[in-house]
Each structure stands twice: as structure tokens, then as C-alpha cells.
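So the structure is just underneath, and the comments pick up after that.
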Amino acid sequence: MRRILVTAALPYSNGSIHLGHLLEHIQTDIWVRFQKLRGHECYFICAEDTHGTATMIGAEEAGVTPEVWVEELRQQHITDFDAFAISHDNYYTTHSPENEHFAREIYKKLKANDAIYTATVEQLYDSEKKLFLADRYVRGTCPRCGAEDQPGDNCDNCGATYAATELKNPRSAHSNTTPVLRSSTHYFFNLPKFEDFLRTWTESGTVRPEIANKLKEWLDGGMKAWDISRDAPYFGFRIPDTDDKYFYVWLDAPMGYMASFQNWCDRAGINFDDFWNKDSLAEVHHFIGKDIVNFHALFWPAVLHCAGYRTPTSVRVHGMITVNGEKMSKSRGTFINASIFREVLDPDTLRYYYGARLNASMGDIDISFEDFVNRVNSDLIGKFVNIPSRCANFLLRHFDSTLSTKLSQPELYEEFSAKQQLIEELYEEGETSRVVREIMALADRANQYIANNPPWELAKTAGREQEVQAICTMAINLFRTLCVYLKPIVPGLIARSEQYLNAGELKWGDANQPLLGHQLAPFKRLMSRIDLKQIDKIVKASRDSSADDSDSEQSTSQTIELAEFQKVDLRVAQIDSASVVEGADKLLKLELKVGGESRTVFAGIRSAYDPVDLVGRYVVVVANLKPRKMRFGTSEGMVLAAGPGDKDIFLLSPDEGAVAGMEVS
RNA sequence: GGCUACGUAGCUCAGUCGGUAAGAGCACAGCACUCAUAAUGCUGGGGUCGUUGGUUCAAGUCCAACCGUAGCUACCA
């Protein structure tokens, strides 16, 4: 029996679990369930990644302590993962005594082994918020192309990379003040010292060749020391023997794997050292996304090696998720949260689809909604669930749901069970899509078998009842073997199938142990077809919920230069006439007098204003907005109003005395 | 900019060492069936294998250039 510890990357405490997290956790969970099903000792460990400036700021904005903030998110995340049947043995937190212990202990070992040194670093500092600014929290003008409001690491406009200190007119994203350059002592992990070790380690089968190549590129490019400290204030663990230095979140995050496991060991009576000692015979596998390969395949093994622990058996890397060929987008509604998905659709449908798409490579995975619906319906419902569904009634009517005492076509059954070894290898490799393809090819065979031996024909002839029973017994047993194979991927569906089969929980070995002379439970529908309309519902709900977020984001919107504002020609205008636009639900057609000229403007304010009330009113209009051709005519400007919409729209108007045509500045 | 990976049917993907591999599933069309959740079975149409050159008796496969896509270019959480 193998002893296996498996981890999925720790979700960061800054938002909800979404389709991207689920890809990784479902992939990992499938592998874990497969190992457990085979009878290996396997633990699935995860935790909330809690430290860093982002959680600190998030908590501050929410008006709670970081501890409360991360615990709330942890509970939400647990609920979401449970709904998707992610079988974490422990879902802990990096803000734990265990983790603090490991962070300090490992740090001390790194230091004792002469792998830690300090250096002075000059960094931008926000004097108002009193904190050092990570690059992403500095914005300014690109030193190369002059594009404004660019982030502190590279320019979105021209692609230049630079240090935050090189930005012109830098501003803090937190306070919008101009940051100052300030120097501070930082602690560094001497990564270059481990170059030889890492070259060997990355080439020794721990990662797939394409990852090893990528890592080799990094190694060849020359390694720099890793800055592992951050200055206070910082939500995290204080570095021993310092007053104001904290471990950088990425130092203690992977240690969270150990800490969470330690916490689990204490409760479950497992020996931690068996898994983490330098000479451990157990396996440790990390499942991660390709965005964090460097942390897991360079920093982490080097740290473990230096601190005298074992290094991971493998790091398994998957790609990113896209929806309908594009990155997940809040405005399109394709940024789909787990909580919204599970309210509308059976989580097993997503598990199946991901399973059908996942492989051992790190290519991105696209969810095409149409493909998703087709795959689930034709494979799971049309092929797989259909097998027992088309037999159940025959068995119930004539045989009280009891199977025959022997298989009429053992060679066909053998064909199914003989696939076990191949399927096992494919699961082990992470080639889940090929597992699914093999299983569905067998499901096709089972349906062909039934079609070639039609029980509904035999049932018409008296005296051939035994044959009907024999055929259905064959089909149910083929189905049962497929259940074993599919169990790691769709545990909910298989649990219902196990109830029908009425013979306890399926084990891996049951794939070649036919069920004979056995009475089945009453057949209930195992799974329902899904519909594109349900996806529409999810997309709509996602769009609505992210619209709420963006309101709060907009309160801290980016600043612009005065010159940019001055480009906008705002004028006072008087409404000459207003009328309802035929065929449009929201629009009013306004004739405006702006100084000497008059213009036509369409405004989406019908839900809040009656046209007759508007005539004669003064409003503010954007006079130099590019005319927009609409279905009902051309709109030559834009009337300013406030409010979220619907009944709550409030037109802006000048105080008494303003006349049409006046410039607003 | 540099580097890496990828590009095969409408969609998702297989194609081993260059040699009867132009393939599967879904989608689509026709037929059959009616046990089953309009499920299933059989048959069929559909591809200049990103483009252009090259190596070879032979190229989806090897080489080069180009086009397109994605990613990486660590000290960002």
C-alpha cells in the first residue's frame, strides 16, 4: 500500500471560489479519490492562504480584523468545496499556530545553514497609509512610452517592464498620494546557492518535461536571491529576532501544506514525520496551476532541501480556464462562482466535464457552454445512465429486480474488466480525458449489446423470460464495472447508482466481480438532462452579482489629469421638448437648446421621468460627445444623471440663474 | 523584444519510430428501433493536417521561414 499526501494550491482569502479554483480541486480530488478507491493510504490536504497586504486591506475595507475576515472566507470556501464533493481531509488555514511553528522553525534552519542574508532595499512608501508598496499598488506614467496610469511592474500599453521606482508621477493605489522612496532592510533566501540541487531535482521526474524545460530556462537565466521579508504593517508571521519584519506570504504559504497536515495528523493519529522526514518513503504530490510553478518547483524544494525535509515526489501543473474561448469576464457573466453554479446545476456535471477535458499537460482548458451541455447529456445521460434505465423495468416486472445467477456472455464482461489496467494507468498519469474516452467507448459497447439482443422482443415470446433476465443481468453488470471506473469523477451519481445496485460501496476490485443472483433496489432516475437555459441563468446571476462588486470598486476609481477632464465640453442646456421613443423601452427623445443651436439627444431615463415634466428644465449635457447613430435616430450628446438606474435616476441641473449654452467647468 | 508551447472535421481531441491512419466522440443528415430521460442502433456527408518552401522513394509526422493563439520573461497576492 502506498502512503500518499496530496495538496491542491491554497486558495487566497480575497474572494469566492470560482470555476478556476474548481478545475484544480476537481482534478486533484479525482486523483485522490482514485487512490483511495484502490485502497491506498491517501490524504488530501488544503488550507486558506491568508497572509499578505491584500487580506489586510480587504479586512480593513470590510471593517473587521484580518483574522475574522479570513475565517469568514474560509467557511465560505469550505461550503463551496463540499458542494462539489471535494474531499479535503483537512482544509485549514495558514494563520495557525502550526504554520507559525513551521515558518519559524524552517527559517531558523535556513539561517543556521547560512542561506539567509539581509540587504537594504529601496522601495516606494505610502506615508499616509504608512506602508511599503508592492509594485501592483503603485501606478504612474510609463517611463518608456508615456502612457498614463500604468501599474508598477510593466506597461499595459507598450509592454515595457521596469521597476516601480522608474515610473513617472507615481501614486499609491491605496491613498492616491505620491509615494516616497524609503530604504529598508530585507531578508533574502540565497536561492542561487541551490542551483545545482534544483537542476538535478527538476530533471528527476518530479515535473513533466515541458515544465522542466521551462525551469531550465529560468535556471540558465541566472537566479537571484528571493526576498522573503515584508515590512510592518503586514498580516503574517513576524520574523524571529526582529521587531517589524514579517515573512512574505509566499514563504509561509507552501508551509501551510505541512501545517494543515500536522493539524490533521494530530487529530487523526498519523505520524507526520513518516511523510516529511528527509528519508520518507511516502509520496507527496502538489497540484497547482501553471501561474505558480516557480514557487513550487524552485523556491519550495530549495527551502525544504535546505531545511532538511524531503522534497515533493511530483508537482503536477494544469493550465488556466477560459470560458467560450475567452478569459473569464465579470461583465460577460462568465466569471462564475461555485455558489451560483451549484444552485442551478448538479456539481457532478461540472466534475464530469472537467474530467472529460483534463490531461497531464498544462494547456489551458476552455469551457464551451454548448460543448458542456452536449457532453454531459450525450455521455452521462444518453450513454451511461441509459444502460440501467433501459433494463430496470424488465427486471422489475418479471423478476422482482433480481439478477440471474450466471453471466451469459462472460467474454463481453471480461472485455470490460480487462480495461481496468489501462484505466488505472491513465488515472495515475492524470490523463483523465482518456479515462473518460475509454469508459464512454465501453458504454457504447453496452448499448450495442442491448440493441443486438433486444429484451423487448424476447419479452413478447412466452418461455424466453430467462433470456430477458440474462441480457439485463449482463447489462447491469457492464454498467456496474463502468460505475467503478467512473466513481472518482462523479461521486454523487455513482452513490445513487450504488443505491440501485444495492450491494454496498463499490471498490476498485469490484470491476471484475460480477453481481449475480442479487436483488436490486427500486430504480430511481439517476441524473437529469441539462439545458442551455440553465447556463443562461448562471451567466445572468454571475453578471448581476459582479455588478454589485464593481460599484464598490468604482468608489476608488482611477484619477485623471486635469487636461483630460478639460477635453470634456460640458454645457448647460434647456429641454425644448421631450417625447417617448416608439419601440424603445428606456429611451426618451430630447430636443435641447444649447446656446444658439439645438440638438437631439436620446437619454435612457424613461423609467424615472415623465416627458411632460421635463420640458423647460435645465440639464447638463456633454456637448462634444461623438454623435451616436441609434436605431431611432442620431443622438448628439449625453445628458448627465446620477443613480443606479430604473426608478432611481436623478438628472443634474444647475442652480437658478444659469442659461442654456453656459460652459460647465 | 527574447524564449517556449500549440495550430488536424462545425466543437473537443487521438494520430507511436517518416511508410494502407486521414481517425474517434459530439454536432449534422438519412434509415431502423421503441425497453429507456426524444434516450439507443446502423449508415452517411464533412478535413489542401495554419501558410510557404525544403529534406526524402515517401511528410500530419523531420528542417526553415512566416502567420495566428496562448504563456513565460521570477522577487506580483
Side-chain angles (χ1 to χ4, degrees), chain A residues 10 12-15 49-58 121 134-138 151-154 158-161 163-164 186 188-189 191 210-211 213-230 248-250 253 290-295 298-299 319-320 322 325 327 353 356-357 359 361-368 370-379 381-383 385-395 397 433-434 436-437 440-441 443-444 446-452 454-459 468 471-472 475 523 525-529:
Chain A
L10 312 184
Y12 194 66
S13 294
N14 67 345
D49 183 15
T50 58
H51 292 151
T53 313
T55 42
M56 201 168 70
I57 303 281
V121 168
D135 288 350
R136 61 190 297 233
Y137 290 117
V138 183
D153 44 6
N154 58 61
C158 71
T161 56
H186 275 235
F188 289 84
F189 173 60
L191 190 65
E210 62 264 37
I211 308 278
N213 288 342
K214 172 54 71 185
L215 293 170
K216 186 167 181 297
E217 249 178 68
W218 284 337
L219 291 167
D220 290 346
M223 289 192 294
K224 293 180 192 158
W226 185 30
D227 184 350
I228 58 161
S229 69
R230 292 295 183 270
Y248 173 45
V249 55
W250 262 113
K290 64 182 180 185
D291 52 331
I292 54 176
V293 169
N294 55 326
F295 293 106
L298 294 179
F299 302 148
M320 298 295 131
T322 58
K327 283 190 176 159
Y353 187 68
R357 302 296 307 281
N359 56 39
S361 85
M362 59 167 175
D364 289 349
I365 288 184
D366 183 54
I367 304 178
S368 146
E370 205 181 324
D371 189 47
F372 169 70
V373 171
N374 284 337
R375 275 307 268 275
V376 169
N377 285 344
S378 67
D379 289 0
I381 316 294
K383 291 180 179 181
V385 163
N386 193 36
I387 299 167
S389 174
R390 57 195 309 201
C391 295
N393 267 330
F394 292 115
L395 287 167
R397 257 182 257 146
S433 67
R434 294 181 62 189
V436 166
R437 215 180 306 143
M440 286 307 141
D444 283 342
N447 277 303
Q448 284 161 15
Y449 167 76
I450 298 172
N452 293 337
W456 55 94
E457 290 292 339
L458 298 169
V468 173
I471 290 157
C472 293
F523 184 76
R525 173 182 291 225
L526 296 173
M527 195 173 206
S528 298
R529 301 176 69 79

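Numbered from 1 within each chain, the chains take letters A, B, ... in sequence-line order.
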Query raised in the report: On a whole-Å scale, what distance lies between the P atoms belonging to B/G45 and B/G10?
Result: 15 Å
Requested in this report: Classify the nucleic acid contact of A/V293 as base, sugar-phosphate or nothing, counting any heavy atom under 4.0 Å across all strands shown.
Outcome: nothing
Query raised in the report: Looking only at atom C1', what distance separates B/A58 and B/C31, rounded to whole Å?
Result: 41 Å
Query - Pairwise C1' distance for B/U8 and B/A59, with rounding to whole Å - result: 14 Å
**Report entry** Heavy-atom side-chain proximity of A/N447 to A/R390 below 4.5 angstrom
**Finding:** yes
Query raised in the report: Hey, does A/M440 reach any base, or is it just sugar-phosphate, or nothing, if we go heavy atoms under 4.0 Å?
Result: nothing
Report task. Classify the nucleic acid contact of A/R397 as base, sugar-phosphate or nothing, counting any heavy atom under 4.0 Å across all strands shown. Result -> nothing
Query raised in the report: Between B/A74, B/U37, B/C35, which one does the side chain of A/W456 approach most closely?
Result: B/C35
Report task. Could you state the atom-to-atom distance from CG of A/N377 to C1' of B/G25 in whole Å? Result -> 15 Å
Query raised in the report: Is the number of heavy atoms from other residues, nucleotides or ligands under 6.0 Å of A/E370 CD greater than 12?
Result: no
Query - Candidates B/C35, B/G25, B/A74 - which lies nearest the side chain of A/R390 - result: B/C35
**Report entry** Sequence-aligned protein contact record of nucleotides 11-17 of chain B, with B where the base is within under 4.0 Å of a protein heavy atom and S where only the sugar-phosphate is
**Finding:** SSS----
Requested in this report: Starting from the C-alpha separation in whole Å, work towards a yes-or-no answer on side-chain contact (heavy atoms from CB on, under 4.5 Å) for A/D371 and A/R357.
Outcome: CA-CA 11 Å; A/D371 189 47; A/R357 302 296 307 281; 3.9 Å; yes
**Report entry** A/T50 backbone acceptor or donor facing A/T55 side chain under 3.5 Å
**Finding:** yes
Query raised in the report: Quick one: does A/S389's side chain have a donor or acceptor within less than 3.5 Å of a partner on A/V385's backbone?
Result: no
Query raised in the report: A/N393 CG to B/A39 P: how many Å, rounded?
Result: 19 Å
Query raised in the report: A/N294 near the nucleic acid: base, sugar-phosphate alone, or nothing, with a heavy-atom cut-off under 4.0 Å?
Result: sugar-phosphate
Query raised in the report: What dot-bracket string describes RNA chain B from 5' to 3', counting Watson-Crick and G-U wobble pairs whose defining distances are under 3.5 Å, with [ ] for crossing pairs and | for pairs to another strand?
Result: (((((((..((((.....[...)))).(((((.......))))).....(((((..]....))))))))))))....
Query raised in the report: Expressed as a whole number of Å, how far does the P atom of B/U4 sit from that of B/C62?
Result: 16 Å
Query raised in the report: Taking atom P of B/G10 as reference, at what distance in whole Å does atom CG of A/N374 sit?
Result: 16 Å
Report summary line: Closest of B/A39, B/U40, B/G71 to the A/R529 side chain is B/A39
Report task. Could you tell me the separation between the CD1 atom of A/I211 and the P atom of B/A74, rounded to a whole number of Å? Result -> 17 Å
Report summary line: Of the candidates B/U37, B/A36, B/G41, the side chain of A/I381 sits closest to B/U37
Report task. With the side chain counted from C-beta on, respond yes when A/F188 and A/V121 share a heavy-atom pair under 4.5 Å apart, and no when they do not. Result -> yes
Query raised in the report: With a 4.0 Å cut-off on heavy atoms, is A/A253 in touch with a base, just the backbone sugar-phosphate, or nothing at all?
Result: nothing
Query - Whole-Å P distance, B/G19 and B/C28 - result: 36 Å
Query raised in the report: Rounded to the nearest Å, what distance is computed from the CZ atom of residue A/F188 to the P atom of nucleotide B/A74?
Result: 15 Å
Report task. Using the C1' atoms only, state how far B/G2 lies from B/C11, rounded to an integer number of Å. Result -> 35 Å
Query raised in the report: Can you tell me how far P of B/A36 sits from CG of A/N447, to the nearest Å?
Result: 14 Å
Query raised in the report: Given B/G25, B/G71, B/A74, which nucleotide is nearest the side-chain atoms of A/D379?
Result: B/G25
Query raised in the report: Taking atom C1' of B/C76 as reference, at what distance in whole Å does atom NE2 of A/H51 sit?
Result: 18 Å
Report task. Have a look at A/I387 and say if it touches a base, only the backbone sugar-phosphate, or nothing, with a 4.0 Å heavy-atom cut-off. Result -> nothing
Query raised in the report: How far, in whole Å, is B/G50 from B/U40 if one measures between their C1' atoms?
Result: 39 Å
Query raised in the report: Relative to each other, are the rings of A/Y353 and A/F372 parallel, tilted or perpendicular (30° and 60° limits)?
Result: perpendicular
Query raised in the report: Base, sugar-phosphate, or nothing for A/L526, non-hydrogen atoms under 4.0 angstrom?
Result: base
Query raised in the report: For A/H51, does its backbone N or O pair with a side-chain atom of A/Y12 as donor and acceptor, under 3.5 Å?
Result: yes
Report task. Have a look at A/E457 and say if it touches a base, only the backbone sugar-phosphate, or nothing, with a 4.0 Å heavy-atom cut-off. Result -> sugar-phosphate
**Report entry** Rounded distance in Å between the C1' positions of B/G60 and B/U16
**Finding:** 14 Å
**Report entry** Between CG on residue A/L191 and CG on residue A/L219, distance to nearest 0.5 Å
**Finding:** 8.5 Å
Query raised in the report: In terms of side-chain heavy atoms of A/D444, which of B/G25, B/C35, B/C75 is nearest?
Result: B/G25
Report task. Classify the angle between the aromatic ring planes of A/W250 and A/F295 as parallel (below 30°), tilted (30 to 60°) or perpendicular (above 60°). Result -> parallel
**Report entry** Sugar-phosphate, base or nothing in reach of A/F299, heavy atoms under 4.0 Å
**Finding:** base
Requested in this report: Could you tell me whether a side-chain N or O of A/D444 sits under 3.5 Å from a main-chain N or O of A/K383, the two making a donor and an acceptor?
Outcome: no
Query raised in the report: A/I292 near the nucleic acid: base, sugar-phosphate alone, or nothing, with a heavy-atom cut-off under 4.0 Å?
Result: base
Requested in this report: State whether the side chain of A/D227 and the backbone N or O of A/S229 hold a donor-acceptor pair below 3.5 Å, judged by distance alone.
Outcome: yes
Requested in this report: Find which nucleotide of RNA chain B each of A/P455 and A/K383 is nearest to by heavy atoms, and output the residue with the more 5' nucleotide.
Outcome: A/K383
Query raised in the report: Between atom CG in A/D291 and atom C1' in B/C72, what is the gap in whole Å?
Result: 12 Å
